[in-house]
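Notes to accompany the following structure.
These values consider heavy atoms only, across backbone and side chains, with no hydrogens, waters or symmetry-generated copies.
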2 protein chains.
Amino acid sequence: MNHDLLLANVAKHITLTDEEKAYFISLLNVKKLRKKQYLNQEGDIAKGPSFVNSGILRSYSLDKNGYEHVIQFAPPGWWIGDMASMIKQEPGKLYVDALEDSEVIWIWKADLDKLFVEVPKFERFFRILAENSVATYQSRLVNYLSLPAIERYAGFCKQYPSLIQKLPQKQVASYIGVTPEFLSKMLNNTVI
Amino acid sequence: MNHDLLLANVAKHITLTDEEKAYFISLLNVKKLRKKQYLNQEGDIAKGPSFVNSGILRSYSLDKNGYEHVIQFAPPGWWIGDMASMIKQEPGKLYVDALEDSEVIWIWKADLDKLFVEVPKFERFFRILAENSVATYQSRLVNYLSLPAIERYAGFCKQYPSLIQKLPQKQVASYIGVTPEFLSKMLNNTVI
DNA sequence: CGGGACACTTAACCTACATTAAGTTTTTGC
DNA sequence: GCAAAAACTTAATGTAGGTTAAGTGTCCCG
């Protein structure tokens, strides 16, 4: 297993000594996921934050009619998880699964709390991560509340051009909050 | 001006020495807002995080038809701001204003960055704040994508019982993502 | 290389919620 | 204390997007 992508991600915001790096690595776990395999199911308690090393993961909720609603996609270099479940260590409402064969690096929440004490720089790293995440969710909510579906689609294409190539259309439909049928209709009626 | 509420808020997650407290307080600014007065307008660069000491603030976006969409309410003891604008120090998309006469304590982003270096405990405090915020936005998005309006209203009442008392109905309508007319109709057709 | 799952499309019909507009009640500022 | 603004209601009409269903294409994997 290879931690280079994760270490590069960490190095964007904090600088570690070799010793700190080694300690950090000693706390990491690796999991390989087959396409469609779950990392987390509704009702599970999230173990801790997960970093995508290869593949693509997504988190989603399931409504009472059985429809999926994608909350986040995570290509390589991204973090994913059910934050409410992780913080409170309570059963969560989200599913996390792999859209293709993937490799995930993750850390137990308890080990992360230890890491924060041993190497306080990591407080900074995860603060910055969480702040960026807040900014993303704020703007997602703004888009959702104030733009029609076609503009949310255009926004997604602009913001994640590489994901558009890789994802099945129905996953994108779910992310922007419409049915696959409606997205298909939109795309065939509209010149973007 | 009185920092007790803010210091109590900080003390929930980290413990400060008197000296650290004094330094923190030395960085704080206070602003009194009249009802309807803006703390931030679209296009402004957010100065830094703001803590509500009294009153109620809200953040919202304005769509191209002139409709407001409430992103967050902040009663006393809550933090509010346009996170994307604050992080990138770029003009933002959100308005922040006071729904009643209010008092806000805020800190310049540059001073906050200094504080993180001088008193690293604050990294932890703001990490926890941001993580809780992520959890809230995740669950808000789940609700928005998977529940009908009447259940989002019921959820709001359950989660923020004290706010329901104080807020005009049209503000709640905007938060749950419907028009005031539709919320009015729902409430008069439905026994909750 | 064949069959079954999965992705995408089309189309008819449906509904939750928006828009517009007018009227009533409550709050606010001077 | 009164006029004006803001909040709330009601109702007729409109529409973005959902639902259902059937058909076509495609890609696995055995």
Give each protein N/O atom lying under 3.5 Å from an N/O atom of nucleotides 2-7 of chain C, with the pair distance.
residue: C/dC6; atom: OP1; partner: A/Lys36; partner atom: NZ; Å: 2.8
residue: C/dA7; atom: OP2; partner: A/Lys170; partner atom: NZ; Å: 3.2

Thinking salt bridges, do B/Glu100 and B/Lys35 make one under a 4.0 Å N-O criterion? no
Could A/Lys185 and A/Glu181 be called an ion pair, given the rule that one side-chain N must be under 4.0 Å from one carboxylate O?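 Salt bridge absent between A/Lys185 and A/Glu181.
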Would you kindly give the [atom1]-to-[atom2] distance between [X] and [N], to the nearest whole Å?
X: B/Leu167; N: D/dA6; atom1: CG; atom2: C1'; result: 15 Å
X: A/Asn188; N: C/dA11; atom1: CG; atom2: C1'; result: 13 Å
X: A/Met186; N: D/dT15; atom1: CE; atom2: C1'; result: 15 Å
X: B/Leu145; N: C/dC17; atom1: CG; atom2: P; result: 13 Å
X: A/Tyr153; N: D/dG17; atom1: OH; atom2: C1'; result: 17 Å
X: B/Leu99; N: D/dA6; atom1: CG; atom2: P; result: 14 Å
X: A/Leu147; N: D/dA16; atom1: CG; atom2: P; result: 15 Å
X: A/Tyr144; N: D/dA16; atom1: OH; atom2: C1'; result: 11 Å

Taking the inter-plane angle between the rings of B/Phe156 and B/Tyr160 on a 0 to 90° scale, is it parallel (under 30°), tilted (30 to 60°) or perpendicular (over 60°)?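 Tilted, since the angle between the ring planes falls between 30° and 60°.
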Set of side chain to side chain donor-acceptor pair (under 3.5 Å) partners for A/Gln89, sequence neighbours left out: none
Side-chain donor-acceptor pairs of residues 20-34 of chain B under 3.5 Å, sequence neighbours excluded:
residue: B/Glu20; atom: OE1; partner: B/Thr17; partner atom: N; Å: 2.9
residue: B/Glu20; atom: OE1; partner: B/Thr17; partner atom: OG1; Å: 3.4
residue: B/Glu20; atom: OE1; partner: B/Lys121; partner atom: NZ; Å: 2.8
residue: B/Glu20; atom: OE2; partner: B/Lys121; partner atom: NZ; Å: 3.4
residue: B/Ser26; atom: OG; partner: B/Tyr23; partner atom: O; Å: 2.6
residue: B/Asn29; atom: ND2; partner: B/Trp106; partner atom: O; Å: 3.2
residue: B/Lys32; atom: NZ; partner: B/Glu103; partner atom: OE2; Å: 3.3

Could you name each residue pair satisfying salt bridge (charged side-chain N to carboxylate O under 4.0 Å, His left out) that touches residues 4-16 of chain B, not counting sequence neighbours? none
Here the salt bridge (charged side-chain N to carboxylate O under 4.0 Å, His left out) pairs for residues 88-98 of chain B, sequence neighbours left out, are B/Arg58-B/Asp97
Straight-line distance of A/Glu118 CD to A/Asp113 CG, nearest 0.5 Å: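 Answer rounded to 0.5 Å: 11.5 Å.
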Let me know, please, whether A/Ser184 or B/Arg152 comes out on the 5' side of the other along DNA chain C by nearest nucleotide.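 The answer here is A/Ser184.
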Sequence neighbours left out, what passes salt bridge (charged side-chain N to carboxylate O under 4.0 Å, His left out) with A/Lys36? Give chain and number order.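 Scan of A/Lys36 (salt bridge (charged side-chain N to carboxylate O under 4.0 Å, His left out), adjacent residues dropped) gives none.
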By salt bridge (charged side-chain N to carboxylate O under 4.0 Å, His left out), which residues pair with A/Asp101, not counting sequence neighbours?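 Checked A/Asp101 against salt bridge (charged side-chain N to carboxylate O under 4.0 Å, His left out); zero matches.
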Axis-to-axis angle across the helix from C/dC1-D/dG30 to C/dC30-D/dG1, five pairs an end, to 10 degrees? 70°
Do A/Tyr95 and A/Glu42 pair up side chain to side chain, a donor and an acceptor below 3.5 Å, judged on atom types alone?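 Yes, because at least one side-chain N or O of A/Tyr95 sits under 3.5 Å from a partner of the opposite role on A/Glu42.
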Where along residues 69-76 of chain A does a heavy atom come under 4.0 Å from DNA chain C, residue by residue in number order? none
Contact pattern, 5' to 3', of nucleotides 18-30 of chain C - B, S or - by protein heavy atom under 4.0 Å: SBBB------S--
Ring centre gap for B/Tyr60 and B/Tyr175 strictly below 6.0 Å: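 No, too far apart.
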Using the ring-ring contact (aromatic ring centres under 6.0 Å, His included) criterion, which residues pair with B/Phe51? Sequence neighbours excluded. B/Trp79
Identify all side-chain donor-acceptor contacts of residues 163-170 of chain A below 3.5 Å with residues at least two apart in sequence or on another chain.
residue: A/Gln165; atom: NE2; partner: A/Pro161; partner atom: O; Å: 3.4

